[in-house]
Number of protein chains: 4
Amino acid sequence: MIYNDKQLQIIGTAERLFANKGFDGTSVRDIADEAGVNIAMISYYFGSKEKLMEALFSKRSSDINLQVETLLHNEEIAPLQKMESLVDSYIDKVMQKQQFFKIMICEQVINKNPVIISLIHDLKKKNTEAINKLIKDGQQKGAFKKNIDVLLLINTLIGSITQMMLTSDYYKEYNGLQDIPEDQFFEQVKEKMSKHVKFLFKALLTYEV
Amino acid sequence: MIYNDKQLQIIGTAERLFANKGFDGTSVRDIADEAGVNIAMISYYFGSKEKLMEALFSKRSSDINLQVETLLHNEEIAPLQKMESLVDSYIDKVMQKQQFFKIMICEQVINKNPVIISLIHDLKKKNTEAINKLIKDGQQKGAFKKNIDVLLLINTLIGSITQMMLTSDYYKEYNGLQDIPEDQFFEQVKEKMSKHVKFLFKALLTYEV
Amino acid sequence: MIYNDKQLQIIGTAERLFANKGFDGTSVRDIADEAGVNIAMISYYFGSKEKLMEALFSKRSSDINLQVETLLHNEEIAPLQKMESLVDSYIDKVMQKQQFFKIMICEQVINKNPVIISLIHDLKKKNTEAINKLIKDGQQKGAFKKNIDVLLLINTLIGSITQMMLTSDYYKEYNGLQDIPEDQFFEQVKEKMSKHVKFLFKALLTYEV
Amino acid sequence: MIYNDKQLQIIGTAERLFANKGFDGTSVRDIADEAGVNIAMISYYFGSKEKLMEALFSKRSSDINLQVETLLHNEEIAPLQKMESLVDSYIDKVMQKQQFFKIMICEQVINKNPVIISLIHDLKKKNTEAINKLIKDGQQKGAFKKNIDVLLLINTLIGSITQMMLTSDYYKEYNGLQDIPEDQFFEQVKEKMSKHVKFLFKALLTYEV
DNA sequence: AATGAATGAGAGTTCATTCAT
DNA sequence: TATGAATGAACTCTCATTCAT
């Protein structure tokens, strides 16, 4: 699906508003006003508010295809390093696309729109498969232990990152970082999260119970 | 604050609907209908839809005071065991009060109502302090390593559990558990999560990098 | 009709609120709250909000029976002086019972409640008759001219006073009296109005065209 | 501000209903129904019921700019005649726009909406200034006495006319005019009022006390 | 292709009143 | 006698969507 400039502008505005006010808390008037387009354009271009959400979701989902392929076939990189590289990739993705992930979280909770549910399901499936390949690869090479529950691994990965995202205000306050610039804070958090999750992954992938 | 039966019924219904359809996706008419009360009762008892949310949040928050005190002062229990006991307690809490936690997640994303924000903040503060005590205690006794980031620890704890909650449908499908009874599934998940998080905690608390 | 203390309190509060916010702009809850009584008491004591208005109107109307009788039969007082005395009496009445007159003005405009309309009608009739007597008396004694239109006379009397009441804020500002105490302002206005209306009455009653 | 036909229709209907039932006694449904438009149109066109009132008030206010200018600069007309011409102009205005004046009276009593208050204030200011010019002119030419209180003059003018408006039913009954056609009654009242107020003005402007 | 005008449906809230106690 | 609890009805306003142009 290819969108013109106005459609992309609408999608971008909708993403921001859905992320900050929720789907039901955002009116098409809000979106139209902030996007600087006529109200009727949303229905005209996307059919309905709901279909706009689906378009936005579909678009952003397709942007999040992990570049796991190159990693997988590069035999020179050690399995754990591959996985660590993947972890950084995830952290980057979530931090860069916070708004989309916020929307995704709420949609998972509310669980109403079957199209969205299906898209999320596909996303999860791809993630699971990609990481499963890495795990299998590592296990074959003897770098990873047996009996790794990939879903628990992913849960901890995604859960830790999104939880940080949800509690960043509290994190800032607790660490006295209220006044540092946002981008600087981002870098700091990413650094911390990276070390933290890599440590967890190393444990989950290599330490025997 | 003490509520009568009808108020509790309204709160309970509101909790379920807010969790499943979101705050803005739930109308007071929905709540009134499902609770079997007159629509005017919501304003009559709580003042407004927003204040009903606050009442519900306030009530459930006060219910989630962790019984960490008894753990803390029992000198016979080893620090790691104390922490593991706490982990189980958290998992129980979240699994039992899934609806409330779903609401809390969305409220953190949307971040609109200052009263709710404040209540969530308080909840986090209490959690942080309680776990910090346990960590300090364990460090003094030499059971835990130095340089433990308590917020990252909690993020991983809460994040892993809530992520499991959000993805339980996918988890079921992936593990072919679609057809087992809900309570049985719960037990299985709790068991898994317990082992998983305890393993993570042991690593975070005791393994040097 | 005799009212107990609580009923009188309700009537007093209702009068103030009806005067300041209008009948339809005042809720029975407002009245009950400000009067410090239970909401149900208004219906209980008066039957309805409308009947409360009628009770209030009826009560205040009966309070406004002019003491014209003594004037009429005092043969020692000259007709013009009698009339001037009556003018002062009216000015006093209106200024003292401003709230009631405000209500009466609005009720005349809205013209909805037949009971109120009837009470206002009676009030006007009594006024007309009383002043007519004075006029006839003055004419018989040769003090007043013939062909006096009593209704125009009364209109100018009442109209001038109530108009002053309605525009007192503007009058204050125009004359730089914003900061003087309210009672002092009242006295000043009454003095001015008295002279002004007496002058008009003298003209209307004695000057030939 | 320019309004289209539907907006003017709404304003016209609102004026009639506000005048007859008061602002709070008129629902937007009433207005929409009687104007034959969809209920949502009121908010759509004017923003809110309150803003509709302001629009109506603003529109009618701007219509009431007295044509005093031509009078002022015509040196051939004697001051008293100028003033009498102005009196007739006022009487015409109020009688023609009775509904608006009824609304204005109630708004002055209730005194709630600051926009309306401000518009009324402006109207009064313009009136005062216009009449003040005429008075000064007449005084310079020796036609009017000194020490004329312009506000009392206006109060009596406006007060007498509006009072007549409020009591026209009683006036009809008293004079046995219940059955004559409305327009004929209007003419009769205007004629009477004109003579009456001109007489008052002549006294106020020329007779020494 | 694009949009201003318009609308039925439904939102949250307040209303005057009733009723069991 | 007096009232807290409760309610159906009505309130104003916003909603997503449609339609003629």
Would you mind pulling out the nucleotide paired to [N], Watson-Crick or G-U wobble, both distances under 3.5 Å?
N       : result
dA1(E)  : none
dT17(F) : dA6(E)
dC11(F) : dG12(E)

Original post:
If you look at every strand shown and take non-hydrogen atoms under 4.0 Å, does K6(C) touch a base, only sugar-phosphate, or nothing?
Top reply: sugar-phosphate
**OP:** Could you check whether F46(A) gets within reach of a base, just the sugar-phosphate, or nothing at all, counting any heavy atom under 4.0 Å?
**Re:** nothing
Nearest-Å distance for atom pair [atom1]/[atom2], residues [X] and [N]:
X       : N       : atom1 : atom2 : answer
N38(A)  : dA16(F) : CG    : P     : 14 Å
D33(A)  : dC15(F) : CG    : P     : 10 Å
N4(B)   : dA5(F)  : CG    : C1'   : 10 Å
N113(A) : dA16(F) : CG    : P     : 15 Å
L17(A)  : dA16(F) : CG    : P     : 12 Å

Subject >> Test item: side-chain donor near acceptor, E54(C) and N113(C), under 3.5 Å >> reply: yes
Subject >> Aromatic ring proximity, centroids under 6.0 angstrom, F57(A) and F100(A) >> reply: yes
Original post:
Are S58(D) and L119(D) close enough that some pair of their side-chain heavy atoms sits under 4.5 Å apart?
Top reply: yes
**OP:** Could you tell me whether a side-chain N or O of K59(D) sits under 3.5 Å from a main-chain N or O of I11(D), the two making a donor and an acceptor?
**Re:** no
Subject >> Per-nucleotide protein contact string for nucleotides 16-21 of chain E, where B marks a base within reach and S marks sugar-phosphate only (heavy atoms under 4.0 Å, - for neither) >> reply: BBB---
Check this for me, if you would: do [X] and [Y] make a salt bridge, where the nitrogen-to-carboxylate-oxygen distance has to be below 4.0 angstrom?
X      : Y      : answer
K21(B) : D30(B) : yes
R16(A) : E34(A) : yes
K97(D) : E15(D) : no

Original post:
Pick the nucleotide of DNA chain E nearest each of D30(B) and M41(D); which residue has the one closer to the 5' end?
Top reply: M41(D)
